[in-house]
Engineer: 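My questions all concern the structure below.
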Amino acid sequence: MAEPILRVREIHKSFDSTGVLRGVSLDIQEGEVIVIVGPSGCGKSTLLRCINGLETVDSGEIWLRGEKISGRTRDLYRVRQKIGMVFQSYDLFPHMKVMDNLLLGPTKALGRPRQEVEAEALRMLERVGLREKAYALPRTLSGGQKQRVALVRAMLMQPDILLLDEITAALDPEMVSEVLNVVIDLARGGMTMAIVTHEMRFAEAVADRVLFLEDGHVVEEGTPEVFFHHPQTERAQQFLRSFTYASKRDKGEEQPKNNAGD
Amino acid sequence: MQDLGISILFKGINFQRLLGGLWVTLRLALLTIGLSTVLGLLFALLMLSGRRWAKFFCRAWLEIVRFMPQLVLLYLVYFGFARLFGWDLNGEVSALIVFTFWGAAEMGDLIRGALTSIPRHQTESAEALGLTRGQVYQYVLIPQTVRRLLPQAINLSTRIIKTTALVKMINVTEVLKVGQQIIGQFYRQPDAAFWVYFVIFLLYFLVCWPFSLLARRLEKRWA
Ligand SMILES: Nc1ncnc2c1ncn2[C@@H]1O[C@H](COP(=O)(O)OP(=O)(O)OP(=O)(O)O)[C@@H](O)[C@H]1O
Ligand SMILES: [Mg+2]
């Protein structure tokens, strides 16, 4: 097997002496999409934040393309230039037009020429259906549009890997799929991604591999077919049941709560 | 026939004298605003430094300026320090000290508020883009802080301009004092006082109004 693009080895992280991550390891191959699921508070966000250095690990190591990136305090920004991240909250910079949001990283952090990036940005906006919003202010955009711009902003850095932390959790339901379809498009284009989501249908559609995290451990790991249809552990089975409802007519039919990703 | 009261303002150099007085006020106010902004920035950084003594110090400072009438502080510095330490501070310098003491704390609190009102994930998403710490401040945090701060800072500035009228009480010849001198010269003219004060009122209005217009427009534009 090829050298993984990202390698996480036995990382531990506690806040105020409560262990949030208690020995988490994972490898991601180039072009692979992994989805991380698990109950609220199990440490999914913390895991992603440790990967791009927003949190420092207590122990364990993280490697990106063969370079150790954990445990450093200087030059963290260089590491982050290669790791894209999009969060749950809409975090476009409100005082800048969409285009300036998109140009900031490539021109200031990477020092690329403005015109070149701008042309590329327009092409990407076109691809996500937002060409006509290129020079609008973020506050005139809907939540779904903002998150699509945030995805473009991260992609324009041409990162080695993209981390997505519940990017549709704050959206109205009808906007969820417009964002997730962009993610699926990126996955088809070969983007390496680590995705945290509560949208199980989407997870199944996009994942090459699913990791189930609970109490700071990877409890189960497998292909989406196995994980969603034949979960091996009792805890994963319980977790997946929490996304279904018993039918009112009590025929034992179960209906998924989330329809996104269809 | 007796002249209308307003005409006394155009006799000799009376109007220029009033404007001269206004300049004394404005010069003091502008110096105060400038110094308060610089010291206010230090105040805000101290307050946000996370050190307990620094926070306590700033809190105490802010409370004192908020409770204490400015006039008391003026007397304390102008008369009190002169006696106590044998300093012979002139009125304008005393006023600059007192108003800056007040303005720096108020401005510092505004700056602190503006800085802390910017959500944490603004910093984080800028950092996630791979910007350096300095770039995060330069492109993301400072522009947003200034936008939040400017309308409030302008309002504070108009308050400072108004409050400088108090220096009349410590023998600084500013616009109000000049007005009283003019009224004194024309004590035979019964409506002199009205017109002189009315013109001073207009002068203050003309100085402060553009500021508050600007503040309101900025507030709307950046809302
Ligand atoms: N900065 C912090 N300081 C203290 N505790 C924290 C901090 N960040 C996270 N935690 C705690 O760590 C635990 C894991 O948080 P985390 O955000 O990683 O969970 P999560 O799996 O992303 O949950 P959710 O699905 O609700 O987003 C939680 O109990 C949380 O309260
Ligand atoms: Mg989370």
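Just so it is clear: chains get the letters A, B, ... in the order the sequence lines come, proteins before strands, and each one is counted from 1.
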Engineer: Would you say that more than 12 heavy atoms from the other residues, nucleotides or ligands in this model lie under 6.0 Å from the CZ of B/Arg217, or not?
Structural biologist: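 Count not over threshold, so no.
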Engineer: Taking atom CZ as the centre, does B/Phe79 end up with more than 12 heavy-atom neighbours from other residues, nucleotides or ligands that are less than 6.0 angstrom away?
Structural biologist: yes
Engineer: Hey, is NZ on B/Lys55 packed in by over 12 heavy atoms from elsewhere, all under 6.0 Å?
Structural biologist: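 Counting other residues, nucleotides and ligands, NZ of B/Lys55 stays at 12 neighbours or fewer.
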Engineer: To check you understand the geometry: which heavy-atom pair defines the closest contact between A/Met96 and B/Tyr139, and what is its length?
Structural biologist: CE-O, 3.3 Å
Engineer: Heavy atoms only, distances under 4.5 angstrom: which of A/Arg78, A/Lys82, A/Arg153 has the most pairs with chain B? Name it, please.
Structural biologist: A/Arg153
Engineer: Kindly indicate whether the side chain of B/Ser125, heavy atoms from C-beta on, has any atom under 4.5 Å from the side chain of A/Phe93.
Structural biologist: yes
Engineer: Would you say that more than 12 heavy atoms from the other residues, nucleotides or ligands in this model lie under 6.0 Å from the OH of B/Tyr75, or not?
Structural biologist: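 Atom OH in B/Tyr75 is packed in, count exceeds 12.
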Engineer: Heavy-atom count check: over 12 atoms from other residues, nucleotides or ligands less than 6.0 Å from B/Phe57 CZ?
Structural biologist: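 No.
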Engineer: Any residues in residues 34-63 of chain A near chain B, with a heavy-atom distance under 4.5 Å, and which are they?
Structural biologist: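 The list, in residue order, reads A/Arg49, A/Asn52, A/Leu54.
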Engineer: Quick check on B/Arg51: does its CZ atom have over 12 non-hydrogen neighbours (other residues, nucleotides or ligands) under 6.0 Å away?
Structural biologist: no
Engineer: Any side-chain heavy atom of A/Tyr77 within less than 4.5 Å of one from B/Glu127?
Structural biologist: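 The answer is no, as the side chains (C-beta and beyond) never meet within the 4.5 Å cut-off.
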Engineer: How far apart are the C-alpha atoms of B/Leu129 and A/Arg80, what are their side-chain angles, what is the distance that settles it, and do they pass the side chain to side chain contact (heavy atoms under 4.5 Å, CB included) test?
Structural biologist: CA-CA 6 Å; B/Leu129 275 180; A/Arg80 293 188 181 126; over 6 Å; no
Engineer: Tell me whether A/Glu132 at atom CD has more than 12 heavy atoms from other residues, nucleotides or ligands lying less than 6.0 Å away.
Structural biologist: yes
Engineer: Under 3.5 Å, is there a donor-acceptor pair between the side chain of B/Gln135 and the main chain of A/Lys108?
Structural biologist: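 Between the backbone of A/Lys108 and the side chain of B/Gln135 there is a qualifying donor-acceptor contact (under 3.5 Å).
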Engineer: For A/Leu156, which atoms come within 4.5 Å of any heavy atom of chain B: side chain, backbone, both, or neither?
Structural biologist: neither
Engineer: Determine the option with the most heavy-atom pairs under 4.5 angstrom with chain B, choosing from A/Ser89, A/Ala150, A/Gly105.
Structural biologist: A/Ser89
Engineer: What do you reckon, is CZ of B/Phe201 surrounded by more than 12 foreign heavy atoms closer than 6.0 Å?
Structural biologist: no
Engineer: Specify the closest pair of heavy atoms between A/Ala109 and B/Gly130, including all atoms of both residues, with the distance to one decimal.
Structural biologist: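 Nearest heavy atoms, A/Ala109 then B/Gly130: CB-O, 3.5 Å.
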